[in-house]
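Atom set for the values below is all heavy atoms of this structure, side chains included, hydrogens, waters and symmetry mates excluded. Read the numbers this way: they start at 1 and go in the same order the structure lists the ligands and their atoms.
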Amino acid sequence: MGDVRDVVIIGSGPAGYTAGLYTARAMLKPLMFAGYMSGGQLMLTSDIENFPGYPQGIGGPEMMMQLREQAERFGLDVQDRNVESVDLSERPFKVLVEGEEFLANSIIISTGAESIWLNAPGEAEQKGRGISTCATCDGAFFRDEEVLVIGGGDSACEEATFLTRFASKVTLIHRRDVFRASNIMYERAANNEKIEIKTFRQVKEWLSDDNGLTGAILEDPRDGSTEEITASGAFIAIGHKPITGFLESQVETDENGYIIHKQHTMTSVDGVFAAGDVVDTRYKQAITAAGMGCQAAMDAEKWLEENLH
Ligand code: NAP
């Protein structure tokens, strides 16, 4: 049997890096599998204005690099590899990474969440051509063009505002007239002269030609009436779903796939902890994820002390 690590952390957003920082400082020699695209969703965020301690704001990728550097300084071992599966049926737990098996006395899951797609007719063909879920990644392709943003939350308002840097016009499309977005984000979008907000509209179908997206047919959910809108780009911002597929149902989740905490940050499996957006159905902020990462690290440390050391 190979080396058994005390703590393996899966996922590298603010929750994972904070768990890494705390467990490294607790001398637990944590090993993190950060994924091929380490850093999580904040790598796709332009400016973070609401993380305390950054009066001028900070870029998402920059913050993630700093979090990583800080945790590595105390000994967090980071591997930019994807976890394929885990075996939690007995301890030490097994973590399978590209065919290589790692053993762990405890695991902290901080895999976060991924964007939900609308899956309207015509969408699959235009993914990566004209339809995207990441304005930070793809916004610059639509310089002086007209784009759509779908959704009524903070993500949609933030993406719409960001896209005005490039696009000649942004139409924000929401299925009702009440926005989930915080006032500050909504107002910023509503007051931007490049943004038009259309409420009570849903995408019925995407329209395209040989060169890519040309627009969409929008439907009013109240009476089913339709209209056509022209756009060469569209950004879907209708929320996220937790990344738990690799767990193959070995950890209890709710009906939407979010991991359930059984005691503090411990999951239904003793010795397996979870933190951040993979658990969080309510707050989903960088600061709350980081806080939960700290809690998971402290819970794992205590659990190891009581059960193994
Ligand atoms: P969200 O708050 O869940 O909003 C999703 C939006 O998409 C809702 O307006 C929803 O409409 C709409 N929607 C869902 N399914 C849809 C469908 N099938 N067709 C059309 N519209 C649909 O998601 P989010 O905006 O990604 O935000 C998630 C969390 O991250 C929130 O807690 C948010 O505060 C946070 N966040 C924070 C910041 C920041 O502080 N800078 C930035 C981004 C996100 P209904 O309202 O009708 O359900």
Side-chain angles (χ1 to χ4, degrees), residues 13-15 39-54 56-64 112-124 131-137 139 148-163 170-190 192 195 197-206 216-222 224 226 229 234-243 254-258 276-292:
Q41 287 183 77
L42 291 186
M43 296 298 281
L44 312 175
T45 301
S46 47
D47 297 310
I48 302 168
E49 294 179 330
N50 53 8
F51 200 99
Y54 296 94
Q56 307 307 323
I58 181 170
E62 193 186 346
M63 176 189 267
M64 298 322 295
E114 61 191 349
S115 300
I116 299 173
W117 292 83
L118 263 180
N119 293 324
E123 191 165 306
I131 304 179
S132 165
T133 53
C134 177
T136 321
C137 320
L148 313 177
V149 175
I150 320 297
D154 278 333
S155 297
C157 291
E158 185 174 62
E159 303 246 297
T161 304
F162 176 78
L163 284 162
V170 178
T171 307
L172 179 58
I173 292 161
H174 183 31
R175 63 184 176 184
R176 53 192 186 120
D177 66 348
V178 179
F179 283 75
R180 282 179 202 269
S182 53
N183 282 340
I184 185 170
M185 302 289 247
Y186 173 76
E187 290 297 334
R188 201 174 283 169
N192 190 312
I195 298 178
I197 297 179
K198 275 185 186 282
T199 53
F200 293 115
R201 298 287 191 285
Q202 270 183 313
V203 175
K204 190 167 192 268
E205 187 183 334
W206 296 107
I217 298 174
L218 304 180
E219 184 176 58
D220 185 331
R222 294 169 300 183
T226 58
I229 188 165
F235 291 82
I236 298 171
I238 60 167
H240 296 85
K241 58 172 189 277
I243 300 172
D254 71 9
E255 67 279 9
N256 297 315
Y258 287 92
D277 282 7
V278 74
V279 178
D280 188 354
T281 57
R282 187 176 173 88
Y283 303 104
K284 304 177 184 191
Q285 304 295 302
I287 185 70
T288 52
M292 218 191 293

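What sits closest to atom 19 (N) of ligand 1 on the protein, heavy atoms only, is Leu118 CD2, 3.4 Å. In terms of protein heavy-atom proximity, atom 35 (C) of ligand 1 is closest to Gln285 NE2, 3.4 Å. Nearest non-hydrogen protein atom to atom 28 (C) of ligand 1 is Lys284 CD, 4.1 Å. Among all non-hydrogen protein atoms, the one lying nearest atom 14 (C) of ligand 1 is Ile238 O, 3.4 Å. Among all protein heavy atoms, the one lying closest to atom 20 (C) of ligand 1 is Arg175 CD, 3.7 Å. Nearest non-hydrogen protein atom to atom 42 (C) of ligand 1 is Glu158 OE1, 3.5 Å. Closest to atom 6 (C) of ligand 1 among all protein heavy atoms lies Gly152 N, 3.6 Å. For atom 33 (C) of ligand 1, the closest heavy atom belonging to the protein is Asp154 OD2, 3.4 Å.
Phe51 has its side chain out of reach of Ile58: every pair of non-hydrogen atoms, C-beta onward, lies at least 4.5 Å apart. Two residues are said to be in side-chain contact when any heavy atoms from C-beta on lie closer than 4.5 Å; Lys204 and Pro121 fail this criterion. A heavy-atom distance below 4.5 Å is not found between the side chains of Val170 and Phe235. The shortest distance between side-chain heavy atoms of Ile48 and Leu42 falls below 4.5 Å.
Across the listed options Glu49, Arg180, Arg201, Arg180 owns the non-hydrogen atom lying nearest to atom 3 (O) of ligand 1.
Of all the heavy atoms of Asn50, the ones lying under 4.0 Å from any atom of ligand 1 belong exclusively to the side chain. Contacts with ligand 1 closer than 4.0 Å are made by no heavy atom of Phe179, backbone or side chain.
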Please output the side-chain donor-acceptor pairs of residues 150-159 that fall under 3.5 Å, not counting sequence neighbours, one pair per line with the distance.
from: Asp154; atom 1: OD1; to: Ser182; atom 2: N; distance (Å): 2.7
from: Asp154; atom 1: OD1; to: Ser182; atom 2: OG; distance (Å): 2.9
from: Glu159; atom 1: OE1; to: Ala135; atom 2: N; distance (Å): 3.3
from: Glu159; atom 1: OE2; to: Ala135; atom 2: N; distance (Å): 3.4

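Distance check: Lys284 NZ to His240 NE2 gives 8.5 Å after rounding to the nearest 0.5 Å. Atom CD1 of residue Ile229 and atom CG of residue Leu218 lie 5.5 Å apart, to the nearest 0.5 angstrom.
Ligand 1 places these atoms under 4.0 Å from at least one heavy atom of His240: 26 (O).
Contact detail for Ala216 and Leu148: the closest heavy-atom pair is CB-CD1, 4.2 Å.
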